[in-house]
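One structure below.
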Amino acid sequence: MEGLFPYSSLTNNINNRSCFDSQESSKHHVIIMLIDALRSDYVFNRNDSFYLKSIEKLEENGKAISVELRSHTPTVTLPRLKALLTGTIPSFWDLIYNYNSTKLELDNILIQYKIKYPSNKIIFYGDDTWIKLFPDKIFSRSQGLQSFFVTDYEQIDINVTNGLYLELNRMNDWNLLIIHYLGLDHIGHAYGAFNYLIKDKLNQYDKIIEKIYSNMYLNDILIITGDHGMADKGGHGGSSSVEINVPSVFISNKFEYFKKQTKQYLQIDLTSTLSGLLEIGIPSNNLGILIQHVLENYYSNNKTNLLKCLIDDNRRQLYYLLSEKDLFRNSNDLELIRHKAMSLSNQQNLNMILLSILLFSFSTILLWFNIEKQSFYSIIIFIIFYLILKKLVISLGIGSICFSIIVILINKRIKIDYKIKNEDNISNKFLIYYPLFHIISLFSTSFIEEEHQTWFFFLSTYLLLITIEKKSFQNFLCFILSRLIRSWNQTGNKFLHLTDIGDYLNASENRSYLFLIHIISSIIFIYLLNKPKRYNISYLLPIISIIYRWNFIGWLSPLTPLFYYLLLIILIVINRLPIEKCLFCLLYILCRTHNSFIIIVHMIFYEYIYENDARILFLFSQSAFFHLGNSNSFVTIDISSGFVGVPGYIPIIHGIFIYLSTYGLSIVWLFKLKKFERIRYLIEITLINSTFALCILIQRYHLFVWTVFAPKLFYLCAQTAFNLFLFLMIK
């Protein structure tokens, strides 16, 4: 991951130059209204009912300027806030820190504002990520609200609005107000981008915008923007147009009628533009370019020298980020200078990518020739020496010597017999060669984005072949079910927008069909759970699930999963419920209602597929991940599953639930693996990892590849971690 994700060459220097020499500001108020997951079409697509009507009215009166911004991936809150505040392009590592933000050390607009105007007050209400980024009392007043409690989309916004209205009644007491609304994002995660609740929420924001505007003085300015967009399904994190495109609306009584512009800007361009509106210096690492027509309209034509100074200052600041300065000394093209500065600010580590290829290949050799756990010490020694010496060749040599010594000492130099003694038929030949086709497919970014198609094809093909060979009704039923559930959740990237069975069932007019499927699934769930051993209290589990999902007992319904978890603990401790059935039970309550059918289908597969061949289980395990609607993109991660039955914010519990709802169905299949089958499964994974690292090396010069490979890499790392756990379980 360190090799793939660009490392930053940013500095901690604080800019001490500005076009505004006076320590006195123009005493105007700046209000930044950030709406989490505000898609671009919620402002610009006025042929639909899902848009902010207040902005349309202000534009008609010539008091609002709207521009479209393109953000960089990953499209999650923390990296996007850093981009807005610093003008930089944060790395993919910030996706991890998104759940536990740390102090922002880089030069940013709030630091610049406090340096220039130390007596001015900054007020904040909203997402507590801001409080974590600025823990040093930079805000004179603030209220941070928990952003990951996604089931709350009403009270969290009410708290922000209450704080906002309080500040509007004492506008002489502050200069910069920042409000960050989360309700829209939370509704998206739970119900999608075009649920009626979205429309209601946009209407609420319209009233808030009108209230703010009615309290603004002549020189005041309101900036409305989003940190990222959201996919139609409601998630975000990927690189689709609806996730990366966000609006930015500038509202002021100083604006006059102007000609609309259709040019798209980068999200980081907002940083330098805000610096101009706040009358401060541009942050030293900023890669953004001024949105000139906004500043021209705000400062009007009588301040041409100021506008020229701002443009020159922006050029100077970008110029100092370049290493080959002489090539651009006489260039006036800000876009050209910015392009070069962007390529220099984020670079990939070729040595680390090569190291990962060697490491995975080394692991494959260890597994193939020697299964003793002691041989893994050589890899640990290799990593330690590399971390200390930072010399790849020397560390590799030391690791190889240690490996040789360990192998000689334990006298295990005989290769394990992995030959599979199977009948010479088509299905077994297919099992031998399908991993090769999968590995070849990893050399194409499109096949990685649409990897589910590969696994669905492999699974259906295998089930069809064994149906023909064995002439078994059970295998034929599994084949029909596999074909049905591949259309249950549309996933991937290219066809994600198409309506699938899950979308049809979740439509408000088809809820009766969804309820019927949930009832039928619950009956089959009870039957399979109590086969062959009967668990009397297990009959309560689907009843609790139905009460919870259909809100049968009002405000108590969200708490019913707690009783479900209690019953599950009793089944495990007292009745000795097998671990695989325990996982199926947990997934049945965590997954969305329409996916209850997917859980049942895999329970049927698990019951009637008697094989423990690693190649077959690997096929079912990979397919299960995609059947639930997951993909190699962050956008399909269902965050709402982490809050099922959890009354408060407990990050560890949320993390475990989200992990299980995403990977749990894949993990279930791994429990069928026997000792040597686990070794073969590990060999399969290490081969895929080394191939994948090679793909990254080949395609590393394409910027697009980051958005495709990064999610897949996280998935492989999660798989590898669990497989290592399986390996250590081997007696």
Side-chain angles (χ1 to χ4, degrees), residues 451-467 470 472-492 500-506 510 513-532 538 541-542 545-546 549 578-612 616-631 636 638 641 660-672:
E451 191 183 2
H452 63 286
Q453 303 283 13
T454 304
W455 289 111
F456 291 168
F457 174 76
F458 285 158
L459 181 62
S460 296
T461 303
Y462 172 72
L463 290 173
L464 178 62
L465 289 174
I466 61 170
T467 300
K470 297 184 178 181
S472 166
F473 175 76
Q474 288 181 354
N475 291 329
F476 177 70
L477 176 63
C478 290
F479 168 69
I480 295 298
L481 288 174
S482 73
R483 185 59 192 86
L484 174 63
I485 61 176
R486 70 183 291 177
S487 304
W488 205 262
N489 289 301
Q490 193 65 254
T491 185
D500 52 41
I501 296 174
D503 293 330
Y504 175 81
L505 292 173
N506 282 303
N510 300 319
Y513 298 126
L514 180 60
F515 181 71
L516 181 63
I517 286 175
H518 198 188
I519 293 294
I520 294 171
S521 297
S522 297
I523 294 169
I524 301 172
F525 174 77
I526 284 296
Y527 170 75
L528 293 172
L529 189 63
N530 288 277
K531 185 182 177 183
S538 66
L541 296 180
S545 175
I546 291 168
R549 290 297 176 184
I579 187 68
E580 58 271 18
K581 287 191 175 182
C582 174
L583 274 174
F584 277 127
C585 290
L586 199 53
L587 287 168
Y588 198 77
I589 189 74
L590 291 180
C591 291
R592 304 232 174 177
T593 309
H594 73 281
N595 275 338
S596 61
F597 181 74
I598 302 292
I599 307 300
I600 297 305
V601 169
H602 273 272
M603 288 181 76
I604 294 171
F605 288 165
Y606 201 87
E607 183 71 28
Y608 295 113
I609 301 295
Y610 300 111
E611 303 285 347
N612 58 19
I616 298 173
L617 300 181
F618 185 65
L619 182 55
F620 277 95
S621 177
Q622 297 297 299
S623 301
F625 172 77
F626 295 108
H627 280 149
L628 285 173
N630 298 310
S631 71
T636 53
D638 183 10
S641 63
L660 287 176
S661 68
T662 306
Y663 300 112
L665 205 54
S666 297
I667 291 171
V668 167
W669 285 98
L670 304 186
F671 286 102
K672 275 201 170 192

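Side chains are part of it too, since the values below use all heavy atoms of this structure and drop only hydrogens, waters and symmetry mates. Just so you know, residue 1 is the first one in the sequence shown, and it goes up from there.
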Derivation of the side-chain hydrogen bond (donor to acceptor under 3.5 Å, both in side chains) call for Asp503 and His594: CA-CA 9 Å; Asp503 293 330; His594 73 281; over 6 Å; no
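- Contact record, Phe525 with Leu541: CE2-CB, 4.4 Å, taken as the closest heavy-atom pair.
- For Phe515, the side chain to side chain contact (heavy atoms under 4.5 Å, CB included) partners at least two apart in sequence or on another chain are Ile519, Ile546, Trp550, Phe552.
- No donor-acceptor contact under 3.5 angstrom links the side chains of Asn630 and His452, judged on distance only.
- Looking at heavy atoms from C-beta onward, Leu665 lies in side-chain contact with Leu628 at the 4.5 angstrom threshold.
- Annotation: side chain of Leu463 is not in contact with side chain of Phe476 (no heavy-atom distance under 4.5 Å).
- Aromatic ring pairs are classed by plane angle as parallel below 30°, tilted from 30° to 60° and perpendicular above 60°; the pair Phe458 and Trp455 is perpendicular.
- Atoms CG and CG, from Leu464 and Leu459 in turn, are 11.0 Å apart once rounded to the nearest 0.5 Å.
- Residues Asn530 and Ser538 form a side-chain contact, since some pair of their non-hydrogen atoms from C-beta on lies under 4.5 Å apart.
- Between Leu484 and Val601 the shortest side-chain heavy-atom distance does not fall below 4.5 Å.
- Rounded to the nearest 0.5 Å, atoms CD1 (Ile517) and CG (Asn595) are 11.5 Å apart.
- A distance of 6.5 Å separates CD in Gln622 from CD in Glu451, rounded to the nearest 0.5 Å.
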Derivation of the side chain to side chain contact (heavy atoms under 4.5 Å, CB included) call for Thr662 and Phe625: CA-CA 7 Å; Thr662 306; Phe625 172 77; 3.8 Å; yes
Audit row: Trp669, Phe618, side chain to side chain contact (heavy atoms under 4.5 Å, CB included) steps and yes/no: CA-CA 8 Å; Trp669 285 98; Phe618 185 65; over 6 Å; no
Side chain to side chain contact (heavy atoms under 4.5 Å, CB included) between Ser545 and His518, worked out: CA-CA 9 Å; Ser545 175; His518 198 188; 3.5 Å; yes
Worked verdict on Phe457 versus Thr454 for side chain to side chain contact (heavy atoms under 4.5 Å, CB included): CA-CA 5 Å; Phe457 174 76; Thr454 304; 6.0 Å; no
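- When all heavy atoms of Ile616 and Ile609 are compared, the pair lying nearest together is CG2-CG2, 4.4 Å.
- Considering CG of Asp500 and CG of Asn506, their distance stands at 9.0 Å, rounded to 0.5 Å.
- Counting only heavy atoms from C-beta outward, the side chains of Ser596 and Arg549 never approach each other to under 4.5 Å.
- Between Thr467 and Tyr462, every side-chain heavy-atom pair lies at or beyond the 4.5 Å cut-off.
- Taking the ring pair (Phe, Tyr, Trp, His ring centres under 6.0 Å) definition, one finds that His627 meets it with Phe456, His602, sequence neighbours left out.
- Ser460 is listed as a side-chain neighbour of Arg486, based on a closest heavy-atom distance under 4.5 Å.
- Among Phe605, Phe584, Tyr663, Phe620, the single residue meeting the side chain to side chain contact (heavy atoms under 4.5 Å, CB included) criterion with Val668 is Phe584.
- Using a 4.5 Å heavy-atom cutoff, the side chains of Phe671 and Leu583 are in contact.
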Pair up each side-chain donor or acceptor in residues 585-592 with any protein partner under 3.5 Å, not counting sequence neighbours, and list the distances.
unit_1, atom_1, unit_2, atom_2, d
Tyr588, OH, Ser522, N, 3.1
Tyr588, OH, Ser522, OG, 2.8
Arg592, NE, Asp638, OD2, 3.0
Arg592, NH1, Ala190, O, 2.8
Arg592, NH2, His189, O, 2.5
Arg592, NH2, Asp638, OD1, 2.9
Arg592, NH2, Ser640, OG, 3.2

